[in-house]
Asker: 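To start, I am sharing the structure in question, which I have written as structure tokens.
Reckoned from all heavy atoms, side chains included, excluding hydrogens, waters and symmetry mates. Note that this is a predicted model, so its numbers are computed, not measured.
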Amino acid sequence: MSELRERAVRNQLAAGEQLLAYASVVPAAGAKGVSVNLAGVLANDLMSQVGAQGGMAGGIASQMPATSGALLLRVTDQRVGLVKPLDGTPVWEVPRAWVARVERRPRLQLMARFRVHYADGSWLAFLTMRRRNIEQFRALLG
């Protein structure tokens, strides 16, 4: 599976563009938990909406299309974006200069949570299985 992911994140890189890091992530807005009762279903819905995105209408973060399921967060020397894990089709990308920093958030679920903050003050929240992925993104993006 990692060979398939590696090929996916390298797909559609511009000539001379360098891949710096990637990890499997789930956008918090599209995260779905497993629940056996109505309270759990409501809690999952609330957690997937509250704290999933911040900033003004029309901001950088608001431009990300609605997605669900796991994607690959790809950081290159030129851009930061989400690609599909099987074929590397870009879902959403921004110039790297638009990313201000990465912030690790308290873990509320099995997965580690983090936010990508953009230059205009907006942000998006993501979940990943490994905390070290967040630390790698922080080292690269601030």
Asker: Could you pull out the closest heavy-atom pair between L124 and M64, with the gap in Å?
Answerer: CD1-SD, 3.6 Å

Asker: Using a strict cut-off of less than 4.0 Å between a Lys/Arg side-chain nitrogen and an Asp/Glu carboxylate oxygen, indicate whether R5 and E3 qualify as a salt bridge.
Answerer: no

Asker: Please list all pairs passing the salt bridge (Lys or Arg N to Asp or Glu O under 4.0 Å) test where one or both residues lie in residues 59-69, with sequence neighbours left out.
Answerer: none

Asker: Between V116 and V9, is there a shared hydrophobic cluster once you connect ILVMFWY residues whose side-chain heavy atoms come closer than 4.5 Å?
Answerer: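 Different clusters: V116 never reaches V9 through Ile, Leu, Val, Met, Phe, Trp or Tyr contacts under 4.5 Å.
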
Asker: Can you tell me how far apart CZ (F114) and CZ (F126) are? Round to the nearest 0.5 Å.
Answerer: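 Those atoms lie 6.0 Å apart.
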
Asker: Hey, are the side chains of V83 and Y22 touching, using non-hydrogen atoms and a 4.5 Å cut-off?
Answerer: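 Answer no - side chains too far apart.
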
Asker: Does some side-chain heavy atom of V94 sit less than 4.5 Å from a side-chain heavy atom of V99?
Answerer: yes

Asker: Quick one about E17 and T76 (side-chain donor to acceptor, distance below 3.5 Å, no hydrogens or angles considered), yes or no?
Answerer: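 T76 vs E17: donor-acceptor pair found between side chains.
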
Asker: With under 30° as parallel and over 60° as perpendicular, where do the rings of H117 and W123 fit, or are they tilted in between?
Answerer: tilted

Asker: Where the side chain of D120 meets the backbone of G59, is there a donor-acceptor pair that is under 3.5 Å apart?
Answerer: no

Asker: Would you kindly confirm whether V26 and M129 end up in one hydrophobic cluster when ILVMFWY residues are joined by side chain heavy atoms under 4.5 Å apart?
Answerer: yes

Asker: Could you tell me whether the side chain of L71 reaches within less than 4.5 Å of the side chain of P27, counting heavy atoms only?
Answerer: yes

Asker: With side chains defined as the heavy atoms from C-beta onward, is the minimum distance between R101 and L141 less than 4.5 Å?
Answerer: no

Asker: Passes side-chain contact (heavy atoms from CB on, under 4.5 Å), Q78 versus L20? Steps please.
Answerer: CA-CA 10 Å; Q78 298 174 21; L20 302 176; over 6 Å; no

Asker: Stepwise, does the side-chain contact (heavy atoms from CB on, under 4.5 Å) test hold for R74 with V80?
Answerer: CA-CA 6 Å; R74 170 173 70 183; V80 176; over 6 Å; no

Asker: Any side-chain heavy atom of L82 sitting closer than 4.5 Å to one from E93?
Answerer: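 No, their side chains stay 4.5 Å or more apart.
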
Asker: Taking all heavy atoms of P85 and all of A8, pick out the closest pair and write down the distance.
Answerer: O-CB, 3.4 Å

Asker: Let me confirm one number: the CG-CH2 distance from L73 to W92, rounded to the nearest 0.5 Å.
Answerer: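 One gets 10.0 Å once the value is rounded to the nearest 0.5 Å.
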
Asker: Taking atom CD of Q12 and atom OG1 of T89, what is their separation to the nearest 0.5 Å?
Answerer: 6.0 Å

Asker: If Ile, Leu, Val, Met, Phe, Trp and Tyr residues are connected whenever their side-chain heavy atoms lie under 4.5 Å apart, and connections chain through other members, are L72 and L4 in the same group?
Answerer: no

Asker: Quick check: closest heavy atoms across G58 and Q63, and the distance to 0.1 Å?
Answerer: O-NE2, 3.5 Å

Asker: Name the atoms and distances for all side-chain donor-acceptor pairs under 3.5 Å in residues 133-140, with sequence neighbours left out.
Answerer:
unit_1	atom_1	unit_2	atom_2	d
N133	ND2	T128	OG1	2.9

Asker: With rounding to the nearest 0.5 angstrom, report the CG to CD distance, N11 to E6.
Answerer: 12.0 Å

